[in-house]
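For the numbers below, each heavy atom of this structure counts, side chains included, while hydrogens, waters and symmetry mates do not. Quick caveat, the model's predicted, so the values are computed rather than measured.
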Amino acid sequence: MNWIKENVTSYLSKSTFTDEKLKLTNSNPSELELKVLKHSPGGWSIDKPVAEAIIALVKEKKINRVVEIGAGFSTIVFHFTMPKVSPNYEVFSIEENVNWFKIPSELKELVDRDSMGFYTGRIRFVFGIFGIHASYQVSEKKKLKYGVELVFVDGPQYYYGREGALDDIYDKLKVGCLIVMDDAERYTEQCVIYKWLKVYKGLELIYFKERFGDKGLAILEVKMPLKRKFSLDTFLLGSMQGIKRLLNFKTIREKQNFLKSNELN
């Protein structure tokens, strides 16, 4: 339905308040940073511009508490960069299947694999304020303490939808927390941002670029403690998209698992 897409894209355009002070590039990278960036895989994972943006944000904002929705190369970038900012850093990585996670042999000496904390759980479709949406069933999310400074969203796979990325953690995000979303050129991710802005009061879109790297990037900021408010637009759009995902889920999942297994081999 083109009118729905036009409504979503128009809303995002009007809702973006670009923070001119936001630093997403590293003007003077070290040799080790260049080595990490060189191995940014792109494709299923983050590409070099997004990896560079993570490094720049962590260093500029002195980030030491991160929640990562979907583990991958971003996990390596966080664990490489954050110890240089604070020895007491925390990366809370949520992933459905950690067997997908691999550290390139050239980078193994730069990160401590044993310090990486992965929290795994099945993804389930649930019915709620976002209509029908997918959510990681990870009990440890409820144990998170207030004070999260950055949330990086690169999961689950697109055929689930990412509306549930903030489930059980939105009230743990401190004022000033950044929510960074990869793949922002995709309409499905733009719908997620649209729904979040409608539901989470206190959230503001401060950066949105469809042509950032290979797949686009969006950054939202918590301007005040987040509270959820029912939005009929969000509920109806989420219900419609959720039903479609449920109908197509089995076929899409089998196809994606096949492609993923071939890529790992």
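Using a distance-only test at 3.5 Å, with no hydrogens or angles considered, no donor-acceptor pair links the side chain of E221 to the main chain of K223. Looking only at distances, no side-chain donor or acceptor of S10 sits under 3.5 Å from a matching main-chain atom of N7. At distances below 3.5 Å, at least one donor-acceptor pair connects side-chain atoms of E149 with backbone N or O atoms of N64. For E140 (side chain) and Y119 (main-chain N/O), no donor-acceptor pair under 3.5 Å exists by modelled atom type. Under the 3.5 Å distance criterion, the side-chain polar atoms of Q241 are left unmatched by any main-chain donor or acceptor of S239. Remark: side-chain polar atoms of T75 are paired, donor with acceptor, to backbone N or O of G72 under 3.5 angstrom.
Linking Ile, Leu, Val, Met, Phe, Trp and Tyr residues whenever their side-chain heavy atoms come within less than 4.5 Å places L205 and L203 in a single cluster. L217 and L220 sit in two unconnected hydrophobic clusters of ILVMFWY residues. Membership requires side-chain heavy atoms under 4.5 Å apart, directly or through other members. Clustering ILVMFWY residues whenever any of their side-chain heavy atoms sit less than 4.5 angstrom apart, transitively, puts F127 in the very cluster that holds L236. Follow the hydrophobic side-chain contacts under 4.5 Å out from M82 and you reach V77 in the same cluster. Note on I123: it does not cluster hydrophobically with F101, by side-chain heavy-atom contacts below 4.5 Å among ILVMFWY residues.
Residues V153 and D183 form no side-chain contact, since every pair of their non-hydrogen atoms from C-beta on lies 4.5 Å or further apart. Taking 4.5 Å as the limit, every side-chain heavy atom of K145 sits out of range of all side-chain heavy atoms of K172. Within the 4.5 Å cutoff, the side chain of D154 has heavy atoms near those of the I46 side chain. A heavy-atom distance below 4.5 Å is not found between the side chains of I219 and I179. Between K195 and S231, every side-chain heavy-atom pair lies at or beyond the 4.5 Å cut-off. For the pair F230/L232, a side-chain contact is recorded, criterion being any heavy-atom separation below 4.5 Å from C-beta on.
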Cut-off 3.5 Å, no hydrogens considered: what does the side-chain donor-acceptor table look like for residues 105-116, sequence neighbours left out?
| from | atom 1 | to | atom 2 | distance (Å) |
| --- | --- | --- | --- | --- |
| D112 | OD1 | D114 | N | 3.1 |
| S115 | OG | D112 | O | 2.7 |

Contacts under 3.5 angstrom, residues 50-61 side chains, donor-acceptor by atom type, not counting sequence neighbours:
| from | atom 1 | to | atom 2 | distance (Å) |
| --- | --- | --- | --- | --- |
| E52 | OE2 | N26 | N | 2.9 |
| K59 | NZ | E33 | OE2 | 3.0 |

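No side-chain donor-acceptor contact under 3.5 Å links Q190 and E185. No side-chain donor from either of Y160 and H133 sits under 3.5 Å from a side-chain acceptor of the other. Residues E68 and S74 have side chains that bring a donor and an acceptor to within less than 3.5 angstrom of each other.
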Report task. Under the salt bridge (Lys or Arg N to Asp or Glu O under 4.0 Å) rule, what do K215 and D47 come out as? Steps first, then yes or no, please. Result -> CA-CA 8 Å; K215 299 174 292 182; D47 56 23; 5.9 Å; no
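The environment of K48 atom NZ is sparse: at most 12 non-hydrogen atoms of other residues, nucleotides or ligands sit within 6.0 angstrom. By the neighbour-count criterion of 12 heavy atoms within 6.0 Å, atom NZ of K84 is densely surrounded, having more than that number from other residues, nucleotides or ligands. Surrounding NZ of K38 are at most 12 heavy atoms belonging to other residues, nucleotides or ligands under 6.0 Å away.
A cation-pi geometry, defined here as NZ or CZ lying under 6.0 Å from the six-membered ring centre and within 45° of its normal, does not hold between K141 and Y136. A cation-pi arrangement, defined by a distance under 6.0 Å to the six-membered ring centre and an angle within 45 degrees of its axis, is absent between K198 and Y200.
The distance between the ring centers of F130 and F235 does not fall below 6.0 angstrom. F73 and H39 have their aromatic ring centers separated by at least 6.0 angstrom.
Closest approach of N99 and K102 over heavy atoms only: O-CE, 3.5 Å.
Here CZ of R65 is found 10.0 Å from CG of L173. Values are rounded to the nearest 0.5 Å. Atoms OG and CD1, from S93 and I69 in turn, are 9.0 Å apart once rounded to the nearest 0.5 Å.
Exactly one of F152, W196, F208, Y207 qualifies for a side-chain contact (heavy atoms from CB on, under 4.5 Å) with M181. That residue is W196.
Here R245 pairs with E163 in a salt bridge; the nearest charged N to carboxylate O distance falls below 4.0 Å.
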